[in-house]
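Shown next, in structure tokens, is the structure this report addresses.
None of these values were measured; they are calculated from a predicted model.
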Amino acid sequence: MQEEKENVWQWVELFSKLDQIKGTSGNTLDEFWSHKFLESLGETKTVIQMREQLRTIDVDNNKCMSILEYLAWRYNKNVQQIINAPQGENKEKVEEAQRKVAEAQKAVEEMVALLEEAKQSAARSREAQAEAQSTAKAATAAAEEAEAAARSATEAADAAATAADAARTASGEADRTAAVAKSAFEEADRTAEVSKTAAAEAKRMFDECEVVAAPYRAAVQENEASLAELKKQEAEYEDKKSTLEAKSKEGGVVQRNKAANELEQLKSEDPLPLRRAKINQQASLRKMEKAAAPFEEASAKAKTAADASAKAAAEAEAAADVARQRKEEADLAADNARQRKEQAESAAALAKQRKEEADAAADLAKQRKEEADAAAELARQRKEQAEEAERQAEASTTQAEQMLAEAEQLLAEVKAKGGIANGAVWWMERTLAEKKKYMPQRKR
């Protein structure tokens, strides 16, 4: 059996892996897992064949296969032979060694669990450190973004204040210009009223002048007609005179004398039509001169009213020009004020937006800082846990090494005294050797 001891060891290990109830301390498999066990050993059989084989192996007929039943069947032994097999004389020492080995085995298992926990704790610590670094970086970026947003908000607020000042200045200028424009319009209205009054007076004077001018114009026309008649009679007189003078110098004596007498008679007294024309012209002249006085007075008044009306009209036009200029200036100031107001509103809206962005960035920065603080605290806790797990694992390793050493020493003493079951001692040595594989390599 010496050459089979390693196989027995492997089969027991396989039993403990396949036992779904007892786990590492398992030693019994049901029908399904028994089939799996046999398959792993290359003894694949049909279900019927496997059941027939299990009925042979299953000594107590509980439809399960224990490791003891399998080994008895494997090596053609019965259970009673195994029970009666000699176990050596030094039973107490062997049992003490078994307890030591069991304690050492448990210590190694606890050490392995603690080492795994330390490993996982270290991994969690690294993850927490990485998370803390990441959140710290995010917090720094959020803080920088918040600072930039705050600067932008300040710039926007300054721009809004500047725009508001410009709007107030433009509004004041617009108010002043509007007041000036209003004053100019009022002055233009007053001047227009004066112009209207002057125009009305000029019209009244003109109407009076027209009334007075009618007789004068009639007298003038009558005088012009008398004068024309006078000129006509004078022309006829001069023509007749020229004719008689010519006849007095031509023809026979009688004819010349007759012409000379008629000429002397013509010269001594004006002819009747001429006299009448002169009288009429003198009368119309006196009549015209009489009518001229009230006409000239009315004309002077009309001229004065016309001059006043023209002056008022010029003043009204000048006032209207000033009013138009003031209105244009007022319109320009109003447009400027409106533009400044729009700029101020736009700057205020931008400032509001920048403030909201700054508030959001500040909230994000605060959140990132809280996350960074929480991550840093978690990283600190994870580090402490990892350090504590490492200390426990180190202590457990030291204890396991000590217990393994004590168990090996006791086994050596038991072997040295003799009278023992070699199988039991080998099994304990094999158990210790298997557990020593899990021992970590010490740094020297």
Side-chain angles (χ1 to χ4, degrees), residues 9-10 12-27 95-144 146 362-414 427-444:
W9 171 267
Q10 296 296 336
V12 172
E13 288 294 304
L14 183 56
F15 251 80
S16 66
K17 291 179 182 179
L18 296 177
D19 194 324
Q20 302 299 303
I21 299 175
K22 296 181 180 179
T24 56
S25 59
N27 56 14
E95 290 177 352
E96 182 181 359
Q98 287 176 336
R99 286 194 300 273
K100 281 288 184 181
V101 170
E103 291 173 358
Q105 184 177 2
K106 183 179 179 182
V108 171
E109 291 173 353
E110 291 176 353
M111 177 206 68
V112 170
L114 288 173
L115 285 174
E116 181 61 26
E117 176 60 26
K119 180 180 177 182
Q120 294 179 3
S121 182
R124 288 193 295 270
S125 177
R126 288 191 298 272
E127 291 175 359
Q129 287 289 343
E131 180 66 20
Q133 291 175 356
S134 177
T135 52
K137 185 177 180 181
T140 300
E144 292 174 353
D363 291 341
L364 180 61
K366 180 180 178 183
Q367 179 184 350
R368 292 292 184 265
K369 184 178 182 301
E370 291 174 352
E371 292 174 353
D373 292 342
E377 176 62 20
L378 180 61
R380 186 188 64 77
Q381 294 177 1
R382 291 286 189 265
K383 183 179 179 184
E384 291 179 353
Q385 292 171 358
E387 291 173 349
E388 178 60 25
E390 186 177 0
R391 285 192 294 271
Q392 292 180 3
E394 181 66 23
S396 178
T397 301
T398 301
Q399 182 181 8
E401 289 175 343
Q402 181 179 353
M403 296 185 74
L404 283 173
E406 291 176 356
E408 288 178 336
Q409 182 179 357
L410 184 58
L411 280 175
E413 291 175 359
V414 171
W427 194 266
M428 287 185 285
E429 289 177 338
R430 183 64 177 81
T431 300
L432 292 177
E434 188 67 24
K435 295 304 177 185
K436 286 173 72 175
K437 294 178 181 179
Y438 296 97
M439 297 301 293
Q441 295 295 322
R442 291 286 192 172
K443 294 181 179 179
R444 299 183 181 276

**OP:** Would you check if there is a donor-acceptor pair between the side chains of Glu116 and Gln120 at a distance under 3.5 Å?
**Re:** yes
**OP:** Go through the side-chain N and O atoms of Gln133 and Gln129 and say whether any donor and acceptor fall under 3.5 Å apart.
**Re:** no
Non-hydrogen atoms of [X] and [Y] that approach each other most closely:
| X | Y | value |
| --- | --- | --- |
| Ala365 | Ala142 | CA-CB, 3.6 Å |
| Ala132 | Ala379 | CB-CB, 4.2 Å |
| Ala407 | Ala104 | CB-CB, 4.3 Å |
| Ala393 | Leu115 | CB-CD2, 3.7 Å |
| Arg368 | Ala138 | CD-CB, 3.8 Å |
| Ser396 | Ala107 | OG-O, 3.9 Å |

**OP:** Answer yes or no: are there more than 12 heavy-atom neighbours, outside Glu390 itself, under 6.0 Å from its atom CD?
**Re:** no
Are any non-hydrogen side-chain atoms of [X] and [Y] less than 4.5 angstrom apart?
| X | Y | result |
| --- | --- | --- |
| Ser121 | Glu388 | no |
| Gln367 | Leu364 | yes |
| Thr397 | Met439 | yes |
| Val12 | Trp427 | yes |

Measuring from atom [atom1] of [X] to atom [atom2] of [Y], what distance do you get when rounded to the nearest 0.5 angstrom?
| X | Y | atom1 | atom2 | value |
| --- | --- | --- | --- | --- |
| Glu406 | Glu408 | CD | CD | 11.0 Å |
| Glu434 | Lys436 | CD | NZ | 12.0 Å |
| Leu14 | Gln10 | CG | CD | 9.0 Å |
| Gln381 | Arg124 | CD | CZ | 12.0 Å |
| Met403 | Leu432 | CE | CG | 10.5 Å |
| Gln402 | Glu103 | CD | CD | 11.5 Å |

Subject >> Option among Lys119, Gln392, Glu394 that satisfies the side chain to side chain contact (heavy atoms under 4.5 Å, CB included) test with Leu114 >> reply: Gln392
Original post:
For Arg380, which of Arg382, Lys383, Glu384 qualifies under side chain to side chain contact (heavy atoms under 4.5 Å, CB included)?
Top reply: Glu384
Subject >> Partner set under side-chain hydrogen bond (donor to acceptor under 3.5 Å, both in side chains) for Glu13, not counting sequence neighbours >> reply: none
